[in-house]
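Note sheet for the following structure.
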Amino acid sequence: MADSVLEMRHISKAFHGVHALKGVHFEVRRGEVHALMGENGAGKSTLMRILTGLVQPDEGDIVFYGRPLPIDSPQTALRHGIAMIHQELNPIPEMTIAENIFLGREPEYGKTGFVNKPLLFRQTAELLDEFRLKLDPRTKVKQLSVAQKQMLEIVKAVSYNARLLIMDEPTSALSEEEVQTLFHTIEKLKQRGVPIVYISHRLEEIFKIADRVTVLRDGEYISTTRIEALSKDELITMMVGRPLSNIFPKEAAKIGKPILEVENLSRSNVFSDIQFNVRSGEILGIAGLMGAGRSEVMRAIFGIDRFDAGEIRVDGIPAHIRKPADAIRLGIALVTEDRKELGLVLCRSVKENMTLASLNALSNGLFINRLSEIAACSKMTGDITVKMSGLDQTVQSLSGGNQQKVVLAKWLMRKPKVLILDEPTRGIDVGAKAEIYRLMSDLARDGMAIIMISSELPEIMGMSDRILVMGEGRIKGEFMRGQVTQEEILECAIGGAGIV
Amino acid sequence: KPASGGAQGSAAGGSNGKTDNGASGAGDAKKQYKIGVAAQGLSHEFIKALAESMQSKAKELHVNLQIMDSEDKIETQLSQVDSLVSQKVDALILNSVDFVGSGPAVDKAKKAGIPVVEVITFTKNENYDVFVGTDPKQSGVMMGDYLAKALNGKGKVALLQGQIGHSAEITRGAGLKESLFDKYPDVKLVTQQTANWNRDEALRISEDWLQRFPDINAIAAQNDEMAMGALQAVKASGRKDIIVCGIDGIPDALQAVKDGRLGSTILDNVTSEGKRAVEVAVGLIEGKKFNKKRTGRLRPDYEGQCRPVSKKIKQKISSQPII
Amino acid sequence: MYKPSVVSVVKQSVHSMKSKRSSSIVRKYGLVLVLLAAIVFLSLFSDAFLTLDNIMNVLRQVSINGILAVGMTLVILTAGIDLSIGSVMAVAAVIAASIVHVNPGLTIVAVIAGMIAGGLLSSVSGTMTAKLSVAPFIATLAIMTVARGIALIYTNGRPIVIEAPSFLFLGQGSIGPVPFPVIVFAVICALVAILLNKTKFGRYVYAIGGNENATKISGINVAKVKILVYIVNGFLAGLAGVLLASRISSGQPNSGLGYELDAIAAVVIGGTSLFGGVGTITGTIVGVLIIGVINNGLNLLDVSSYYQQIVKGLIIAGAVILDQRSKR
Amino acid sequence: MYKPSVVSVVKQSVHSMKSKRSSSIVRKYGLVLVLLAAIVFLSLFSDAFLTLDNIMNVLRQVSINGILAVGMTLVILTAGIDLSIGSVMAVAAVIAASIVHVNPGLTIVAVIAGMIAGGLLSSVSGTMTAKLSVAPFIATLAIMTVARGIALIYTNGRPIVIEAPSFLFLGQGSIGPVPFPVIVFAVICALVAILLNKTKFGRYVYAIGGNENATKISGINVAKVKILVYIVNGFLAGLAGVLLASRISSGQPNSGLGYELDAIAAVVIGGTSLFGGVGTITGTIVGVLIIGVINNGLNLLDVSSYYQQIVKGLIIAGAVILDQRSKR
Ligand SMILES: Nc1ncnc2c1ncn2[C@@H]1O[C@H](COP(=O)(O)OP(=O)(O)OP(=O)(O)O)[C@@H](O)[C@H]1O
Ligand SMILES: Nc1ncnc2c1ncn2[C@@H]1O[C@H](COP(=O)(O)OP(=O)(O)OP(=O)(O)O)[C@@H](O)[C@H]1O
Ligand SMILES: [Mg+2]
Ligand SMILES: [Mg+2]
């Protein structure tokens, strides 16, 4: 093709026997948004990591702007103008936003090697404005929420003015508002003729912005198609290998008495008089914009953060929760939004991660019962299929989505009374989502009370019996299932005021 | 001179004279001298004994002794002497860590008009007033003499060295070489390793030697700690024919010599030397004169060791005054 | 706190393929290789090496450092470190020595007293680390100096001679051809290996080292586990101190100087990450043996003190580099 | 990789309020407090303490450890560690000594030679760490033994006497009341502080320690930066070794023994995290001074050496605990 920018041919990669990629073809053209789709573990990230020199392919060659491209390290990739938003957020927590964004290309005084800090902060401020982020360039990144960190990655990648921009699940933690901002940027880049590889498990997004779609399945190249030529179901079928009847299998469950009740819970300048309850058999969805403080409320309930005022009741009995252990003892489980920092022990095996919170049940006081441990894990992997070489694979070598599944499994294994899910389907493919929704629906039917924070409105609408909307640390509104539209929820969330 | 020195003494002593005034009675008319001591390392029982003997003498003479532990670090010793000098002590007793390295300390004190007594060990820098002690080399010589007799001028010897480069390692090594290996061509030095003055290291190395050199006749250790380690290895191996000797005369070793397990040790009478050093220091403050090299006496301690260790020698070697 | 580097990501994948057990063998592969190479080499060049006598000799020599290294493995797995064990050994040694010195009959009492002393001292380090979030390096550095001081004061700087035969047996005796310390070492290895691989506690140790916060949020009492780890380490240091005292038949206030370094070295050579979460007892054992065999071998080959140091350094570096390669 | 602990969430809110600079003062606050407290206490209880003479003593005493600690700060910021500096000092010392021993005129040459020797040795550690991904602990442990061996062989285990006045001035001379080593220390602090805070290189040092992976992804040549860090550290260790040789007017093959521990202690007491990414030179300076003042003060108060160890340990622990509190 004349306007072909990138061609990857016969790319294969095996990680010690396991084939992540098998002779994959991938071609990107000038000024197009090319969606790369596939189930969790299909090989999308690996293919892109090869392009950015983080992984060396076993075979295959790469042609970039007509010339063969030997990429041995991220440096060379950047030098050739290939920038990437990585699926796994990778900030340097102790450094400021500005230092993170300009790491490796700090403005200097001449060529002295001395950093021009005023200029550094000015340029950062400009970038942040461009993306409508009200953040101080001098804030340390460790103070940011997951969503904000993700925005940061986007700002950084875009600011390279690359000749090819790769976005690996850039929106997994973002809510409508920021997604819109991102799409504006993408439009601008398209006009400048910058090609973009876009990886996402949010199908709506694909159909909004993609021009062409390439689908991988189990590391194999399936097809490349123009988006217009595809229906949602066709795309899903291509990815999963079979049609997927009902994505939101929400069954009506018998809603019982309140299990978790929260009375005007407050924490200074994070959230104030939060008041809600969730009943057995009920799925309570919580929507909101980035910085709404949803995660924070849940962290407080679970005993990770302190709160200043308010009361929490479990089964009507006032609960004194000072540390996570207390919450867990009361039958509460929290799937945190930040799997890397708070969810997983990356250097340990899938099995050890899944059972970490349940070992008391799986052991006779001291010794772990190996068989019942394996049994418990197999049961979970039966409900949620994790693509792995075995229960002993280290979690850090799993694909992003599969890591998320491990976190879910870890908490589901405890069979809690109250299950709190913060962005439960972050980076999870449609098929797996459906599995998880079915599981939630079943658990609700069996009387579990479920709270689901999500920035993905379809999911909220599709699964919740009741929907709370939060903004600026307050509850802005409450809706019953099927009595509200996405637009109304957004309205309510923004509530006229600006976003934090 | 003594008057002014005394004045200084009381002035400086006043600051933390409390430590000793208690002992000497508050209303004591005699003004109290303050003597600074920089000691090699008080975690060695040998040096600890020295310090205590000095302390007891100081109590007796109602002088305020400030003992500093140089922890075997030359630099530390220099710093400590610096701070003793800036405290204007009336005299300095230096138990030098290093023959060369501790030299500057002497100058520092002398420049400030502070008399310097060196004890046990002396420095290359001869600017000090009096040295109380024995020629360290001589202890090596004596060990050599003993071994020569014990081996009857013929045999294989393994040498356990102290920390390489340490003054005592150098001098004692030299002494042994001179009196044994140079004098007796049939006495062979089959191997040498450093056990850094440690008992357990010496034990480990000796164990290995007994595997590798089953035919050695003697193990010469540059201090008693190492000798005791070697002795242990020999005992464990069930060998009765290997002579072990050390230097310093620590109680452990003296006992072993009496029991006839240890060939010999060289006893340097630190207690008397420590006491003497304090006397001399006070004397210097009060302007008395001493001859520069006041030596103590080394006693090669192996009476009666002839029986178990080696059947040959009967007579004793008389210790000679050194230097 | 484990940081996957670009290469480590690849390394990890090795494991993913294998079952836990065999993977840990792969992990050690390079090292075991080095150890075997060393053994073969030595048996070729020194006929004194591969004798039952000398093998027992080496094992006896490594057993004290081995016991320390096993305890240290626990600490390092939690991303901690313990510099105090050398001094803790000394305290245990002098206390035990003083007991049998006065009453030669009380061997058992002496041993237990020594171990308890160790446990107490280390419990302080553990508490400082776990409850007051003092960096383990500093907490244990403080205890290191304090403990040394205690040992010196307790003995007034004089070694305590030990004559009690029953006590001396601990460090000097043998059961059949096998020296007693070796038996103790073996038992300790077995116990701690079981603790790490088969119990909840072991899981928590790994989890804390891998991601402390994730572990906390999983409802585990991290502080408690950490403190226990330090106490166990203290017990073992105490035991090692007692054995050392028995081996050199005296309780020395300045014994154990610098032992912490050998122990840590053995652990890290054995493939345990100082960032915690990754490592095995088998690895540590190999590390301990490598160091022991090198020391013994260099003496058997009669390499001079000076060159011993150079050779030692090169071999250690070589071993670890080879290990790294084998993990690729 | 920073992990917000349950409490740290609270801590952070403190930081988030402050700008980087002032927050780092908060960070040090507790320590500076301890230092001041110690100084006030000592000047009250010993009139010998707050004399110009003694202050200069203290400064001279700390300057060598100070120079080492500054270099070590760089290494630790990259989540590394360097155990070899003590031996590296020795090599530099004996080389420099041998040069001026033969030709008293060549002071400058001797200094440079010593520093280069240090740089070379450390560049090996650096390369092992950065290119062969050997744990810094092991790489530098290996170099530690090798370097010691080199120093012993080079001198055949005998100290080399130094008489060259111009060389002796480096460690023993003063400019006005200020000892020369103090001036060197001050200059080094200034230079490295600028390097860390004002240059790209400095940013990268922090970045690597904070998240090596992310730094690589940002297209920074991590290996190169790391190796440079170790080389700089080697230069400084060499310089320290030369100063030491001059101070003790001899090149001693076993000088610098155990100096690495003091340096690391100063750095960590100064608030630098052994996991990298967090720390400042000012912190290290405070750490160095605390150690120096304690040592000097305890001697002035004539605390008997055994108790000194206990007191030292307690003060260090206390200082760091207080520091932790002040960070809440
Ligand atoms: N370092 C590694 N070691 C072993 N296996 C690996 C490694 N990296 C990736 N894999 C495997 O390669 C496969 C593809 O992973 P990849 O991350 O590319 O999937 P993905 O398409 O990005 O999935 P997701 O949508 O969940 O991000 C997965 O099965 C994963 O387990
Ligand atoms: N502008 C800001 N500056 C600093 N910190 C912020 C800012 N905005 C948000 N935060 C942090 O993030 C928290 C809430 O953000 P977060 O995105 O986690 O809320 P959320 O409702 O959970 O959104 P998400 O969908 O990302 O979970 C705030 O309490 C605050 O700690
Ligand atoms: Mg992916
Ligand atoms: Mg959130």
Side-chain angles (χ1 to χ4, degrees), chain A residues 49 52-54 73-79 83-84 86 88-96 99-109 112-117 120 136 138-144 153 156 160 267-270 296 299 303-306 322-324 338 340-342 346, chain D residues 1-24 27 77 79 194-225 228 271-273 275-280 328:
Chain A
R49 289 162 64 86
T52 50
L54 285 170
S73 75
Q75 281 152 281
T76 42
L78 282 170
R79 205 162 352 94
M84 174 164 176
H86 289 269
E88 295 311 324
L89 303 176
N90 245 321
I92 298 165
E94 288 294 332
M95 296 180 102
T96 64
E99 288 167 328
N100 266 279
I101 290 180
F102 283 94
L103 185 61
R105 53 204 174 105
E106 297 83 355
E108 306 172 46
Y109 293 103
T112 53
F114 282 81
V115 179
N116 181 341
K117 286 196 176 157
L120 173 69
D136 173 3
R138 289 177 174 74
T139 331
K140 282 194 179 174
V141 167
K142 71 181 179 197
Q143 290 158 36
L144 301 186
E153 296 280 328
K156 181 175 177 180
Y160 277 100
R267 178 177 170 193
S268 54
N269 48 28
V270 181
E296 278 50 38
R299 284 168 63 99
I304 298 173
D305 302 346
R306 50 159 185 72
R322 274 173 197 69
K323 50 184 191 309
D338 186 337
K340 235 178 164 181
E341 292 295 323
L342 301 178
L346 286 170
Chain D
M1 206 184 298
Y2 178 91
K3 298 175 180 177
S5 79
V6 175
V7 287
S8 76
V9 178
V10 186
K11 284 189 221 150
Q12 284 169 34
S13 46
V14 178
H15 294 283
S16 54
M17 302 302 97
K18 329 253 167 204
S19 86
K20 192 170 183 306
R21 176 160 285 80
S22 71
S23 90
S24 90
R27 223 174 236 296
L77 278 176
I194 291 172
L195 186 73
L196 268 180
N197 300 323
K198 301 254 175 279
T199 70
K200 293 177 103 168
F201 182 77
R203 293 298 90 203
Y204 300 161
V205 170
Y206 279 103
I208 291 172
N211 182 342
E212 182 164 343
N213 216 4
T215 316
K216 273 208 192 84
I217 290 173
S218 304
I220 289 155
N221 186 338
V222 170
K224 192 174 124 204
V225 176
L228 276 172
T272 299
S273 157
F275 295 114
V278 193
T280 61
R328 302 280 164 91

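Numbers restart at 1 for each chain; the letters A, B, ... are given by sequence-line order, proteins then strands. Side chains included, hydrogens not; waters and symmetry mates left out as well; all remaining heavy atoms used.
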Considering only heavy atoms from C-beta outward, does the side chain of A:Glu94 approach that of D:Tyr206 to under 4.5 Å?
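A:Glu94 does not reach D:Tyr206 side chain to side chain.
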[X] side, atom [atom1]; [Y] side, atom [atom2] - distance, nearest 0.5 Å:
{"X": "D:Asn213", "Y": "A:Asn90", "atom1": "CG", "atom2": "CG", "answer": "5.0 Å"}
{"X": "A:Glu106", "Y": "D:Tyr204", "atom1": "CD", "atom2": "OH", "answer": "4.0 Å"}
{"X": "A:Asn116", "Y": "D:Lys200", "atom1": "CG", "atom2": "NZ", "answer": "11.5 Å"}
{"X": "D:Thr215", "Y": "A:Met95", "atom1": "OG1", "atom2": "CE", "answer": "7.5 Å"}

Shortest non-hydrogen contact from [X] to [Y]?
{"X": "A:Pro93", "Y": "D:Gly210", "value": "CD-O, 4.1 Å"}
{"X": "A:Ile92", "Y": "D:Ala207", "value": "CD1-CB, 3.6 Å"}
{"X": "A:Leu78", "Y": "D:Ile217", "value": "CD1-O, 3.7 Å"}

Report which part of [X] has an atom under 4.5 Å of a heavy atom belonging to chain D: side chain, backbone, both, or neither.
{"X": "A:Leu103", "answer": "both"}
{"X": "A:Tyr109", "answer": "neither"}
{"X": "A:Arg79", "answer": "neither"}

D:Leu195, part contacting chain A, at a heavy-atom distance under 4.5 Å:
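Answer is neither: D:Leu195 stays 4.5 Å or more from chain A.
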Could you work out, with side chain to side chain donor-acceptor pair (under 3.5 Å) as the rule, every residue matching A:Glu88, not counting sequence neighbours?
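Only A:Arg339 meet the side chain to side chain donor-acceptor pair (under 3.5 Å) criterion with A:Glu88.
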